[in-house]
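Working notes, beginning with the structure itself.
Numbered from 1 within each chain, the chains take letters A, B, ... in sequence-line order. Just so you know, these numbers use all the heavy atoms, side chains as well, and skip hydrogens, waters and symmetry mates.
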There are 2 protein chains.
Amino acid sequence: MGAGGSLREVSRRAVQSRIARTAESLFVAKGFEETTVDEIAAAVGMSQRSFFRYFASKDEVVLDSLERLGLDLVTRLEARPLEESEWDSLRHAFEPVVERLADPEMREHDAALQKIVDASPRLFAAYLGRLDGLQRELSELLLARAVRRCGGAPDTVVLRAVVGGAFACLHAAMVHAVARPDDFGHCLDRTMEAMRPAAA
Amino acid sequence: MGAGGSLREVSRRAVQSRIARTAESLFVAKGFEETTVDEIAAAVGMSQRSFFRYFASKDEVVLDSLERLGLDLVTRLEARPLEESEWDSLRHAFEPVVERLADPEMREHDAALQKIVDASPRLFAAYLGRLDGLQRELSELLLARAVRRCGGAPDTVVLRAVVGGAFACLHAAMVHAVARPDDFGHCLDRTMEAMRPAAA
DNA sequence: CCGGAAAGTGTCAGTGACTGTCAATCATTG
DNA sequence: CAATGATTGACAGTCACTGACACTTTCCGG
């Protein structure tokens with residue numbers, strides 16, 4: 001039970017990525033708001049109704065890859081040693097992002113996505129919403145780890161702020177990386193070092 | 001030119017707040033998503049078309065007060081002395097929020113709004129979008145101040161991260177304040193002290 | 001007081017995202 | 001082959017939002 005049906009799941013993923021690829025090229029060509037779901041569905045060769053069977057909304061087509069990246073961050077953070085400081089653990093959890101931007105092909109693809117997201121306030125807001133959800137996940141994870149390390153529960157407000165602060169560094173570095181994609185990792189390191197909190 | 005027509009503006013504001021009050025009571029009663037614009041317009045006594053002449057979207061009815069609070073923060077930050085550290089300036093710029101939550105009546109109203117926003121992912125995302133816009137404004141303001149203070153331009157990435165970190169503290173303290181609204185100011189102070197960055 | 005501009009409003013029609021329903025089809029399994 | 005469950009398309013409907021147009025009210029100089 002749980003993670004079963006992998007054969008069906010695989011074909012579902014295949015259809016999803018076919019839709020995503022088609023949609024993204026349309027978004028690049030015409031813009032996000034200007035592209036209708038009907039057009040995407042027609043380009044893929046399915047009905048509009050079927051499109052919504054693979055993606056809950058038009059937003060999700062773009063934000064889906066972010067979702068999968070988020071899962072990476074969670075597993076990365078889980079793998080960090082207990083005695084490491086939260087700030088350092090978060091920095092290491094961000095490594096998948098750095099790696100992704102190191103690959104030139106991925107970087108180009110992500111830059112295109114970022115451009116699409118930035119061009120639509122509505123989509124950008126949805127993007128921030130996903131980021132916030134990820135921060136909540138990581139906060140809970142770090143909270144559980146802190147309890148396991150020392151018995152008592154730590155200051156949850158500060159912990160949440162630490163996670164938010166780390167994401168602020170990540171976000172600032174990513175904005176910078178749009179203009180200068182090289183040495184993203186170094187830029188992130190510098191920013192997180194400047195922002196390292198006294199506590200945690 | 002510019003800020004003219006104040007008489008007309010006042011009546012416009014009056015209508016807006018009448019709509020907002022009516023809408024908020026409906027949102028509290030039935031939820032945000034479950035309340036249609038038609039219902040709001042009918043409750044106020046106007047056509048749906050006229051509703052959209054006062055608010056650009058359904059979201060804006062709820063997020064409008066946030067927008068005005070944001071203006072307060074900007075003017076507060078502008079009034080801070082140049083030689084003060086960015087972190088301390090930001091803490092003082094947050095004072096309107098603290099004052100607002102100190103007034104029991106305001107607090108109750110804002111708590112209701114926060115509940116509405118939290119209950120709708122779509123609206124919550126729009127809320128985050130507004131917060132991000134505000135962070136951009138404050139970042140640019142601080143950037144201009146830094147240039148005026150010492151000649152050269154500072155590290156914009158770190159500056160943006162500092163503003164984001166301060167907002168992370170504010171956000172974390174506000175989340176905490178939902179459960180325990182007392183001593184919000186103290187909680188914010190504690191969190192921002194723990195997160196005080198080495199630079200800036 | 002009057003005539004006309006300006007501002008506010010209602011009505012209607014239309015677009016686009018999204019949902020529920022139902023019947024048809026396709027694949028799987030016994 | 002037959003039963004079964006998943007996938008799909010077609011259709012209708014809701015709701016946020018927009019543009020166009022006609023109507024009324026308000027305002028203001030003559």
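Nucleotide dC18(C) holds its C1' atom 7 Å from the CD atom of Q48(A), rounded to whole Å. In this entry the distance linking CZ of R18(B) with C1' of dT9(C) reads 13 Å, nearest Å. Taking atom CZ of residue F52(A) and atom P of nucleotide dC18(C), one finds them 5 Å apart after rounding to whole Å. M46(A) places its CE atom 16 Å from the C1' atom of dT25(C), with the value rounded to the nearest Å. For E33(B) and dC15(D), the CD to C1' distance is 11 Å, given to the nearest whole Å. The interatomic distance linking R53(A) (CZ) with dG9(D) (P) rounds to 8 Å, in whole Å. In this structure, NZ of K58(B) is placed 8 Å from C1' of dC15(D), rounded to the nearest angstrom. One interatomic measurement links the two molecules: CZ of F51(B) to C1' of dA16(D), which rounds to 10 Å at whole-angstrom precision.
When distances run from any side-chain atom of R49(A) to the nucleotides dG16(C), dC12(C), dT21(C), the shortest one goes to dT21(C).
Ring pair H171(B)/Y127(B) is tilted by interplanar angle, where 30° to 60° counts as tilted.
OP1 or OP2 of dG9(D) lies within a sub-4.0 Å distance of a side-chain N or O belonging to S50(A). For dT9(C), one of the phosphate oxygens OP1 or OP2 lies less than 4.0 angstrom from a side-chain nitrogen or oxygen of Y54(B).
The CZ atom of R53(A) sits 14.0 Å away from the CD atom of Q16(A) when rounded to the nearest 0.5 Å. Summarising the geometry, atom CD belonging to E60(B) is positioned 11.0 Å from atom CG belonging to L66(B); distances are rounded to the nearest 0.5 Å.
If you check every strand for non-hydrogen atoms under 4.0 Å, F55(B) touches nothing. Residue S47(B) is in base contact, counting any heavy-atom pair closer than 4.0 Å across all strands shown.
The minimum heavy-atom distance linking E24(B) with I116(B) is given by the pair O-CD1, 4.2 Å.
With respect to the salt-bridge test (charged N to carboxylate O, under 4.0 angstrom), the residues E67(A) and R130(A) qualify.
Taking every heavy atom of residues 112-129 of chain A and every atom of DNA chain D, no pair lies under 4.0 Å.
With hydrogens and angles disregarded, no donor-acceptor distance shorter than 3.5 Å links the side chain of R160(B) to the backbone of H176(A).
Annotation: E78(B), atom CD; neighbour count of heavy atoms from other residues, nucleotides and ligands within 6.0 Å is above 12.
If you check distances only, the side chain of R12(B) never reaches the base of dG8(C) with a donor-acceptor pair under 3.5 Å.
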